[in-house]
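Contents: one structure, followed by commentary.
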Number of protein chains: 6
Amino acid sequence: MNNSIFKRQSGRYYDQLREIKITHNFTKNADSSVLIEMGNTKVLCNATILNKVPNFINEKQQGWITAEYSMIPSSTLQRNIREVILGEQSGRSKEIQRLIGRAIRSSVNLKKIHGKTIHIDCDVLNADGGTRCASITGGFIATYEAIKKLDYDTDDTIKNIIAAVSVGKLNNNVLLLDMDYSEDSSCEVDLNIVMNNKGDIIEIQGSSEKNQFSRNCLNKMLDLAFQGINQIINHNFK
Amino acid sequence: MNNSIFKRQSGRYYDQLREIKITHNFTKNADSSVLIEMGNTKVLCNATILNKVPNFINEKQQGWITAEYSMIPSSTLQRNIREVILGEQSGRSKEIQRLIGRAIRSSVNLKKIHGKTIHIDCDVLNADGGTRCASITGGFIATYEAIKKLDYDTDDTIKNIIAAVSVGKLNNNVLLLDMDYSEDSSCEVDLNIVMNNKGDIIEIQGSSEKNQFSRNCLNKMLDLAFQGINQIINHNFK
Amino acid sequence: MNNSIFKRQSGRYYDQLREIKITHNFTKNADSSVLIEMGNTKVLCNATILNKVPNFINEKQQGWITAEYSMIPSSTLQRNIREVILGEQSGRSKEIQRLIGRAIRSSVNLKKIHGKTIHIDCDVLNADGGTRCASITGGFIATYEAIKKLDYDTDDTIKNIIAAVSVGKLNNNVLLLDMDYSEDSSCEVDLNIVMNNKGDIIEIQGSSEKNQFSRNCLNKMLDLAFQGINQIINHNFK
Amino acid sequence: MNNSIFKRQSGRYYDQLREIKITHNFTKNADSSVLIEMGNTKVLCNATILNKVPNFINEKQQGWITAEYSMIPSSTLQRNIREVILGEQSGRSKEIQRLIGRAIRSSVNLKKIHGKTIHIDCDVLNADGGTRCASITGGFIATYEAIKKLDYDTDDTIKNIIAAVSVGKLNNNVLLLDMDYSEDSSCEVDLNIVMNNKGDIIEIQGSSEKNQFSRNCLNKMLDLAFQGINQIINHNFK
Amino acid sequence: MNNSIFKRQSGRYYDQLREIKITHNFTKNADSSVLIEMGNTKVLCNATILNKVPNFINEKQQGWITAEYSMIPSSTLQRNIREVILGEQSGRSKEIQRLIGRAIRSSVNLKKIHGKTIHIDCDVLNADGGTRCASITGGFIATYEAIKKLDYDTDDTIKNIIAAVSVGKLNNNVLLLDMDYSEDSSCEVDLNIVMNNKGDIIEIQGSSEKNQFSRNCLNKMLDLAFQGINQIINHNFK
Amino acid sequence: MNNSIFKRQSGRYYDQLREIKITHNFTKNADSSVLIEMGNTKVLCNATILNKVPNFINEKQQGWITAEYSMIPSSTLQRNIREVILGEQSGRSKEIQRLIGRAIRSSVNLKKIHGKTIHIDCDVLNADGGTRCASITGGFIATYEAIKKLDYDTDDTIKNIIAAVSVGKLNNNVLLLDMDYSEDSSCEVDLNIVMNNKGDIIEIQGSSEKNQFSRNCLNKMLDLAFQGINQIINHNFK
């Protein structure tokens, strides 16, 4: 099928992002606080600055950035059980927060924040697909603001301006940028990409539980991802 | 000391509430969603309606209401560790959510919601004192809206319009209505009250780790609490 | 209904305590050991003295008192599952032990036990209502004896001689002092009070899941509670 | 060294049991309740009768007996941390309760209690050595009484009248019957035996972390154990 | 730097796999058992066939494949703590086993194994880099054999013959196929790829915590990965 | 029944061991690695040497030996759930690893390995009865090799050359040496013995859930055990 004539249920074009909304200083006690909305996906990304680093970093002359990810129970259509009731974080939560931490660390010169830890908490308030990408995009903004609050020179400290987006492939070969929950549930291939503003790759995670995909398809998905990431970065850092 | 001449750090009078703000429909996926703000205390109170009741209710001809309470890690001045990382809810969280559930259940005629469970999730986004009272006040509004969404007659189903507030006593005998975090940390006696709009008591929890208090003092605190609760109810259900 | 003509199933008057029995030195290894019986409620309250204080106390010039509460599985009519099997303490246990700790701390001048922790373990051997009150009453006696064992002057170290009791209100408005399990299960309002021998309040916890109660009713319940607490204190510290 | 001239710290002879005390009906809510004291070792052995059997028994035409063992925190000279706080039972507790269950099951004709489970809870109130043996001895009495309460014929249902005792070997080759805590800590070989009143073996657990022991030594220890078990059974079932 | 002149510490060329060794039927009780060795990396991949499917699959007309991944404590140079002692699986283990399960499921026509679950256990006996790739490669062989044991037609049931391999990029731009532990620790970009024998992609996970990488670099890494995967598949399914 | 005419299902005589196979250096990263096979029972016994001792050993002038035991999920005929999924080690695992540790410690002069801990991991790869005995026998060989790797004099450091074996009694009074899983499941009495090469006892654990056994029977079982242990030791240390 031809991408350009495909109608998404939401009325969006295949290559159209959902509306982005960034609210700064959403809460008071965090060192920086960003509420990011990608359509109905709503994630509170708060940064806390600690004046210490984890033990395994101590001997290195650098700082550290780490992330945690959680969904509040009422964030999903069918209420999910609070993880503390289950006694441990799900594999999915752990996998996502490892990804968020890695992606944001790769965007910062950790030598420049020597002795500091920036702890990013991504708490999903409403989930409509793409929460991991929104967490990375919002978490990066919170990190950026935490670095400004620390009076560091951002040009010097930030290596890459980054954002993340999902791209999917339907079984009719239509590609979709920035999938919502219903699209995510029905696609054949699911790719999450973190890129900088030059199109270099920070993280790529592509998974196709239903069907393998070709190298050619991968390349088209990466093109579409870059187009979306470029728009997101321009929106956030104009 | 005379209450009327006492200056609170925030500029409030001893008997003055913080600014109340209620945002309805804050998130999409919950059945009703209320963001309550009492000054800088900010709690997301979401209701989920389930078409079943817990086992211990099954044989009774009634419905059920239950609550969970949690603080996101970045809600406090010093970041608190995510409870799932510790492996279990703190005693404080469990105690508060049992209180929220009891208070809201007492306000509803459970026979009228036969076969339904209303699950209230109170997720504290920013904590500046009085989070349990804000959770009860906000959780009750979310319950009220869930009952409307179910198309039940609220006059028939709601037994009490309720709200909660804290009252403290400083060591100079000054009483304080609706304490913020710094007031709460320094007071001698700490009373949390849930009342209906007629001044009847639903729950009373008074604790004085530093000093005992007299029956006379208790009565003055209850007078002050009712004045505050009356204002809160008028604000929310005008 | 008139309180004075009401017949309790046990034959007690509405304002009559159950028989109190205190066995000192019930076990050997604890620093002080009190088996308290209020009718068929039987709680072993043992104190252990530690020559250190928790970290959060270290910088303050004082000691600490803390409590733990647990029911042995066979203490209830229907055997309860051992908490360690469930993997964590119930919310109820945590709430009760926090209450016991707060109440006993408020009765002692912690400056005078500088550098010491008194750890009170309340293990319920048989439960017939009022276990939290019996734990506070018995735990206070164990604390009193631990302080004597430490050769501290009790007049100087003990700020308040305390005890705890429950008062209930039935739906026919009859009030009941010191409820047993069947009374506790059927009452409308349930009040647990900790007072000193002068009638000052240390803790008040009133809860009415079934029906709100008036300020006037609260006052009558407090009168009845004080009468009971006075008798308990006279029995224990004659 | 010659056994017969050895002086134990407690004044006992090498082959002398501690004073045994059995209190029946120590608590009300359990189906049978036995407080067993062997010197200062004090274990509450309560039986609960359930009208169902575990799943793995369902298809067999029989009943079941199971046991749990726990020490209250203040039962030991140095207070032990409550197992629920650690989040799981210690290996030692699990090992002991498996032993208690096996030993008592072997003494009962499980076919005769078809459809019933007898749940034995052994809660150690004071520990001075030999708590596992006291738990087996006391747990068996509680089982015996539960079977009587069920109106089963004990002659028919009980296969073996059993008891348990410890025997130790010091590094001077002296053997000791029924060791207290200080003897248990210093002995070289530690043997726990469950026997019936004819001297047949139900369980034998011998462990020698410090030194191996000969077949000849094992036989002498078994002789001594039988002498002790015989006395215990005669005391309990005269 | 030029790939072709680079010397690896192990003596391998940049595009050379480690020695592969597959031992079939390594253990008896599993339904199929494969010990895979890639150099010193040694993973036991065992399949268990269950005649039921998880609840969430029940209504669909298909079977299921799931995987678990664990390292024995002595598999790493510095002994790792047994996960059960820590009380939960690490985020890394959960992430890897989700990947193994997804990859193998994508290779099988689940409709054809209707009503069956194939449970793949990947227990790492010795870890020298690439354990997740070896687990996928070995787990797929075990799955293949389990399907033969079930007497299903493999041509019909297996959609893709798959294998996995890692490719790394050093900071001097040299690419490395099938990295061992020391190479993995020092590389800048780390890519794990699952492909079928035609070079189609099943999973791609690329991560660059130290430095972003270009689209061009990604393509070269994918070329190298396919060359390796082709050799592995030819070795295993000649 | 007469032992000598009894036919075991496997074809073995009543007093015949299964085939023993010891593979040294089975894995690379452990300090010593022994794969022991007793028939189809297959246990990987790996030793890790640590240059520190546990806290409770610190003040004593000695080293320490400890053990962990676990079965991989696919080691049993019916797959067992991974212990980490259940959240804790089973009572059986804890009991067995305590036994392994005690037995091996008793065989070594701990003074001679002052400051070192030898950590033995016994991971059961295939279970066909007798895994605890195989773990002790294999764990002892791994310990022996770890001590050689440390360049200690084994004659000086090893106090006892040990091995373990099981002996069972069927309900027809036939005794069986070194039982496999089906024999273990059907026997009446189950004895596990650890002995040195002179027939002295290190550990004896005899359990008879189905029927008591006589002193005479115990002696015959011990004779048979020693014959088996002697053969095992001769095989391993010829």
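Labels below follow one simple rule: chain letters A, B, ... track the order of the sequence lines, proteins then strands, and each chain is numbered from 1. This is a predicted model, so every value here is computed, not measured. These values consider heavy atoms only, across backbone and side chains, with no hydrogens, waters or symmetry-generated copies.
For F/Asp31 and E/Arg79, the salt-bridge test fails: no basic side-chain N is under 4.0 Å from an acidic carboxylate O.
Side-chain contact between E/Arg82 and F/Val84 is absent, with no heavy atoms from C-beta onward closer than 4.5 Å. The shortest side-chain heavy-atom distance between F/Ser70 and E/Ile72 does not fall under the 4.5 Å cut-off. For the pair F/Leu125/E/Leu125, a side-chain contact is recorded, criterion being any heavy-atom separation below 4.5 Å from C-beta on.
Within 6.0 Å of atom CG in F/Asp156, more than 12 heavy atoms from other residues, nucleotides or ligands are found, so the atom counts as buried in its surroundings. Shown here is F/Asn55, whose CG atom has no more than 12 heavy atoms of other residues, nucleotides or ligands within 6.0 Å. In F/Tyr13, the OH atom is not crowded: 12 or fewer heavy atoms of neighbouring residues, nucleotides or ligands sit closer than 6.0 Å. With a 6.0 Å radius and a threshold of 12 heavy atoms from other residues, nucleotides or ligands, E/Tyr181 has its OH atom at or below the threshold.
Only the side chain of E/Ile85 has a heavy atom closer than 4.5 Å to any heavy atom of chain F. Heavy atoms closer than 4.5 Å to chain F are found in both the backbone and the side chain of E/Lys28. Only the side chain of F/Asn40 comes within less than 4.5 Å of a heavy atom of chain E; its backbone N, CA, C and O stay farther away. For chain F, the nearby parts of E/Asp121 are the backbone and the side chain; heavy atoms of each come within less than 4.5 Å. Neither the backbone nor the side chain of F/Ile49 has a heavy atom closer than 4.5 Å to any heavy atom of chain E.
Taken to the nearest 0.5 Å, the CD1 atom of E/Ile81 stands 9.0 Å off from the CD atom of F/Glu68.
A donor-acceptor pair under 3.5 Å is formed between the side chain of F/Asn29 and the backbone N or O of E/Ser75.
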What's the verdict on side-chain contact (heavy atoms from CB on, under 4.5 Å) for F/Leu50 and E/Gln78, showing C-alpha distance, side-chain angles and the deciding distance?
CA-CA 10 Å; F/Leu50 305 172; E/Gln78 186 167 351; over 6 Å; no
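Per-residue heavy-atom pair counts under 4.5 Å with chain E were compared for F/Thr48, F/Asp128, F/Leu44, and the maximum is reached by F/Thr48.
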